[in-house]
Structure formats: C-alpha cells, structure tokens
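The structure appears below as structure tokens.
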Amino acid sequence: MTFKSDIFEIVKTIPEGRTLTYGEVARLAGHPRAARAVGAVLKTNFNLEIPCHRVIKADGTLGGYNRGIEQKKEKLRLEGALD
DNA sequence: CATTTGACGCCAA
DNA sequence: TTTGGCGCCAAAT
C-alpha cells in the first residue's frame, strides 16, 4: 500500500469527539518521523469520508484545513473535541 | 530524475 | 510565552 492509503485508513478510524496529532497518525501508520508528510497528504485529498479535521498539531493548535480553519474549529467544537 | 514546498515536531534563546 | 532554526518525509512541479 501507499503512504497515502495508510494515512487515510488511520484517519478514518478516528472516532467522533477524539483527535489525533499529525505525529500520532504518522506513528500509527508506521512512519514515526513523517508527521509533516501526513499534512501534505491530507491537504491533497478532499474526500469528506475522511475526518481529517480531527487531526491537529502536537502543541494543541489546530494546524490547517483544506476547507478553512474556521470550519475545522467549528466541527471540533460540535463534536465536543474542544473545551 | 532533481528541487521545491509545507495541514509537522522539537528544542534553544 | 514568542521566535527562530533545523531535521524529517512524501507530494507536487
């Protein structure tokens, strides 16, 4: 499988109300040092079936989102992943 | 095939 | 608490 597909598989398993960091996703995919590459992949994929808004930075900030950082923030708030 | 780019992560000032 | 710098890796060009 490709790095991309591995990442998507992992992200698809993130339950509502839960968040993982880019680094965590990379580690779960078997690429412990590829945190940055994870963002590169999520960025090029617009598949809404993939809850990529649940992937945030290790320092607690949200990072980015291909549909706007505000949308990401709002989604997480609705799911209770914030506060 | 060689470079550049960037939704990262960590540490020193 | 902010900045700045560096290592890392896959995608895009």
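Proteins come first, then strands; the chains are lettered A, B, ... in the order of their sequence lines, and each starts at number 1.
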Using the rule given for side chain to side chain contact (heavy atoms under 4.5 Å, CB included), can you reason through A:Thr21 versus A:Lys57, listing the C-alpha separation, both sets of side-chain angles and the distance that settles it, and then say yes or no?
CA-CA 5 Å; A:Thr21 69; A:Lys57 302 220 313 182; over 6 Å; no
Check step by step if side chain to side chain contact (heavy atoms under 4.5 Å, CB included) holds for A:Phe8 and A:Asn47.
CA-CA 10 Å; A:Phe8 293 133; A:Asn47 185 347; over 6 Å; no
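- Proximity of a side-chain donor or acceptor of A:Lys72 to a complementary backbone N or O of A:Val55 within less than 3.5 Å is detected.
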Given pairs defined as Watson-Crick or G-U wobble with both distances under 3.5 Å, what dot-bracket annotation applies to DNA chain C, with ( ) intrastrand, [ ] crossing, | other strand and . unpaired?
.||||||.|||||
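- A distance of 13.5 Å separates CD in A:Glu9 from NZ in A:Lys4, rounded to the nearest 0.5 Å.
- Between A:Arg54 and A:Glu79 there is a salt bridge, with a side-chain nitrogen of the basic residue lying less than 4.0 Å from a carboxylate oxygen of the acidic one.
- Taking all atoms of both residues into account, the shortest heavy-atom contact from A:Lys12 to A:Pro51 is CA-CD, 4.0 Å.
- Residues A:Ile56 and A:Tyr65 do not share a hydrophobic cluster, defined by chaining ILVMFWY side chains whose heavy atoms lie under 4.5 Å apart.
- Near DNA chain B, meaning a heavy atom under 4.0 Å from it, residues 30-39 of chain A has A:Ala35, A:Arg36, A:Gly39 in order of number.
- The shortest side-chain heavy-atom distance between A:Thr19 and A:Leu76 falls under the 4.5 Å cut-off.
- In the hydrophobic clustering of ILVMFWY residues, with side-chain heavy atoms under 4.5 Å counting as a link, A:Ile50 and A:Phe3 come out together.
- For the side chain to side chain contact (heavy atoms under 4.5 Å, CB included) criterion with A:Ile7, the lone passing option out of A:Leu28, A:Val38, A:Asn45 is A:Val38.
- The two residues A:Ala35 and A:Ala26 have their closest heavy-atom pair at N-CB, 3.7 Å.
- Taking 4.0 Å as the cutoff to heavy atoms of chain A, we find the contact window on DNA chain B bounded by B:dG6 to B:dC10.
- DNA chain B is contacted by A:Cys52, A:Lys57, A:Ala58, A:Gly64, A:Tyr65, A:Asn66 of residues 50-69 of chain A, taking any non-hydrogen atom closer than 4.0 Å.
- Annotation: proximity of residues 4-26 of chain A to DNA chain B (heavy atom, distance under 4.0 Å) is found for A:Thr21, A:Tyr22, A:Gly23, numbered in ascending order.
- Side-chain contact between A:Arg36 and A:Tyr22: absent, with no pair of heavy atoms (C-beta onward) separated by less than 4.5 Å.
- Rounding to the nearest 0.5 angstrom, the gap separating the CG atom in A:Leu62 from the NE2 atom in A:His53 is 11.0 Å.
- With a cutoff of under 4.0 Å to any heavy atom of chain A, the contacted region of DNA chain C is bounded 5' to 3' by C:dG7 to C:dA12.
- Scanning both residues, A:Asp6 and A:Ala29, for their nearest heavy atoms gives CB-CB, 4.3 Å.
- Under a hydrophobic clustering in which Ile, Leu, Val, Met, Phe, Trp and Tyr are joined whenever their side-chain heavy atoms come within less than 4.5 Å, directly or via other members, A:Leu20 and A:Val11 fall into the same cluster.
- At a threshold of 4.5 Å between non-hydrogen side-chain atoms, the residues A:Arg67 and A:Leu48 count as touching.
- A:Lys43 places no side-chain N or O within donor-acceptor distance of the main-chain N or O of A:Asn66, the cut-off being under 3.5 Å.
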